[in-house]
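Chain letters run A, B, ... following the sequence lines, proteins first, then strands; residues in each count from 1.
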Amino acid sequence: MSRYKTETKIGAVTLRNPVLLASGPAGYGLEYEGLIDLRRIGGVVTKTISFEPREGNPGTRLHETGGGLLNSIGLENVGAEVFFSVKLPALADAGIKPVVSLAAEDWDGYRMLLEATAGIAGVDIVELNLSCPNVDRGGMAVGTNPDLLARYVRHAKGTLPGVTVLAKLTPNVADIAALALVAEEAGADGITAINTVVGMDLDMAAGRPVFKRVRAGLSGPAVMPMALDAVWRISRTVEIPVIGVGGITSVEDAMKFFMAGATAIQVGTAVFYDPGLPERIVDALEETGIPSGLED
Amino acid sequence: MKGLFTSRIIRTERLSPSSHLVVFERPRGFPGAEPGQFVSLRITPTITPLLRRPFSIMDLTETELCLLVKVVGMGSEMLAHAPCGTGMDIAGPLGGSAFPSPGKKDAVFVAGGTGLAPMIFAARTWKRDGSLGRADLVYGAGCEEELLVSLCENDFTAVHAATIDGSCGFEGDAVSLLEKLIKGRKAGGGVLYSCGPSGMVRAIERKAAAAFSRHLTSLESVMACGVGACRGCTVPVRTDRGTVLKAICSDGTVFDASEIDWRRWEG
């Protein structure tokens, strides 16, 4: 019997608890059946979908670094039609709360994706991936431009009435808090921070970059101090909830994010090697309560 | 159904300068596994190395889970030298496809490096259930001391060894030896099973597959999730819907080699 209530409100949605699986590593959720009890956690931020299916990037897609993981998946996904007709209902049938991650590709694709999303039963919270570093169009190019960021967020709010809209931001900017403020003013109900940090590595035996696109996205414990700093600054700049993500590898790491100002947290890369972590964080929150944010 | 288990190392054996046998106690409740399936190990509770490491199952008995570990980096080095009694967290059995048994046909297995592990598991599994007829292993290594013939000589009808330096058996690689062995053989007989580096499997498909009714291969890859979620280990496979990317960890590890789009795959 849990001693503390962990229900968490974000926008119009109340989550069972503030522990989510991060988009990307979480896949479409059910892949982890048998390894993680996804019904115990607050929800799963599903793999980012685009309107049309995407094949993702050729060549090497994963490369381990010191305390981190570089990835260049390139938003491979099944597309809106298969996602909404197959993947999402399967998640709902399994009793797992979805947070649907939507890609900002070009404007037309984005518009069609939002239209396809509008009115889908069971979609009451979405996360706009305005920050993927591994695609040529959209992604980070949107999330680093205040005008585009505002336009994309405003359009989501207009097309998805009643749906809680989170904007996932990139740390690859001079001032992420300023962009969070732009998203808030455009109507976002919450900010997810951070997406991966741009990085690269070289294959010394081959004498060339590891990745075809050269630059890739770094996640894992190596980026946690940056993520924590982003959450700290954003939570002091905006009124809306901040969902902290980036390098959480332990219960203590998760607690730090709440203390830095996060309302909820996401676990990403750590589920690859420690699938039990999200449930242990839930256990700890039920045992000791959700830590309060620090005073300035 | 896969699961997350804890187990401990009960036996290790240095088989060659780079290869080690690592035997875990079969965890309580660990499901049965099929040839071509694998486990992923969290080698250390620290974050170095960060990711789990995937290993083909070399054998699974009532009491033991046996892995063949070749030292190629930090993770395999730590596992190979972990003392008996070391506890580890094991996810498995993973993999959504397995080697089908050859039925009444002869089987030829071709292995490079730790690609030997699923071949041994296949031969032992089918021998145990009585479904293995003639089984030839064609197996290559760099030199004699890296050949692990003694590990598996009782599992196959015959072991045909190749070494690059010619120090034992055929001088050359396993694919060249396979070509020599099947020369003049009637097309379409027997089932060919392979596992090893992608270049080896690709060469087998190009040079030798026509001599067999099927060529099934267990592919190797760097993996992160091991369950098909992250899409980090994809391979292009030709289907009636055109070429689609399949996950080696969850759609494989076993594929019909003739369906792989070798031109596009750079694995």
Side-chain angles (χ1 to χ4, degrees), chain A residues 21-37 44 46-48 53-78 210 212 216 219-222 224 247 249-250 253 268-277 279, chain B residues 1-6 29-31 39-54 73-75 88-94 96 198 221-236 241-251 261 263-267:
Chain A
L21 287 200
S23 182
Y28 301 108
L30 296 179
E31 293 90 338
Y32 288 97
E33 228 29 317
L35 304 186
I36 306 177
D37 183 358
V44 171
T46 49
K47 200 160 197 64
T48 299
R54 281 182 61 96
E55 200 169 61
N57 292 334
T60 298
R61 289 181 164 193
L62 298 169
H63 179 69
E64 193 171 323
T65 62
L69 176 66
L70 280 166
N71 90 79
S72 181
I73 308 291
L75 295 188
E76 179 187 340
N77 77 91
V78 296
V210 168
K212 279 244 159 93
S219 62
M224 198 192 103
T249 65
S250 65
D253 288 348
T269 303
V271 299
F272 292 150
Y273 59 90
D274 185 8
L277 177 62
E279 287 175 70
Chain B
M1 174 70 152
K2 62 185 179 287
L4 200 56
F5 302 89
T6 51
F30 191 86
V39 291
S40 75
L41 304 186
R42 189 175 183 197
I43 309 267
T44 147
T46 70
I47 56 167
T48 310
L50 189 65
L51 296 177
R52 288 169 173 271
R53 294 292 188 265
M74 187 198 298
M88 256 173 232
D89 163 330
I90 299 178
L94 303 177
S198 60
S221 176
V222 168
M223 294 175 184
C225 70
V227 296
C230 75
R231 310 301 295 175
C233 64
T234 54
V235 56
R241 294 172 289 133
T243 297
V244 298
L245 290 181
K246 297 209 170 187
I248 291 173
C249 65
S250 60
D251 296 311
D261 188 340
R263 199 176 40 81
R264 278 188 51 197
W265 193 42
E266 301 158 47

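- Scanning all heavy atoms of the two residues, the minimum distance from Pro275(A) to Arg52(B) falls at CD-NH2, 3.6 Å.
- Counting heavy-atom pairs closer than 4.5 Å to chain A, the top residue among Met223(B), Arg53(B), Lys2(B) is Lys2(B).
- Contact tally against chain A (heavy-atom pairs below 4.5 Å) for Val244(B), Thr48(B), Ile47(B), Asp89(B): the top residue is Ile47(B).
- The distance from the CG atom of Leu4(B) to the CG atom of Asp37(A) is 12.5 Å, given to the nearest 0.5 Å.
- A donor-acceptor distance shorter than 3.5 angstrom exists from the side chain of Glu64(A) to the backbone of Leu50(B), with no hydrogens or angles considered.
- In terms of heavy-atom pairs under 4.5 Å with chain A, the best-connected choice from Cys230(B), Pro45(B), Pro236(B) is Cys230(B).
- Note that the SG atom of Cys233(B) and the CD1 atom of Ile73(A) stand 9.0 Å from one another [nearest 0.5 Å].
- The two residues Leu245(B) and Glu55(A) come nearest to each other via the heavy atoms CD1-O, 3.1 Å.
- If you measure heavy-atom distances from Pro25(A) to chain B, the contacts under 4.5 Å come from the backbone alone.
- Counting heavy-atom pairs closer than 4.5 Å to chain A, the top residue among Ser40(B), Gly3(B), Ala91(B) is Gly3(B).
- Under a 3.5 Å cut-off, the side chain of Arg61(A) and the backbone N or O of Arg231(B) do form a donor-acceptor pair.
- When all heavy atoms of Tyr32(A) and Cys225(B) are compared, the closest pair comes out as OH-CB, 3.4 Å.
- How far OG1 of Thr44(B) is from OH of Tyr273(A): 10.5 Å, rounded to the nearest 0.5 Å.
- One distance of note links CG of Leu51(B) with CG of Leu62(A); it measures 7.5 Å at 0.5 Å rounding.
- Interface residue Thr269(A): only side-chain heavy atoms are found under 4.5 Å from chain B.
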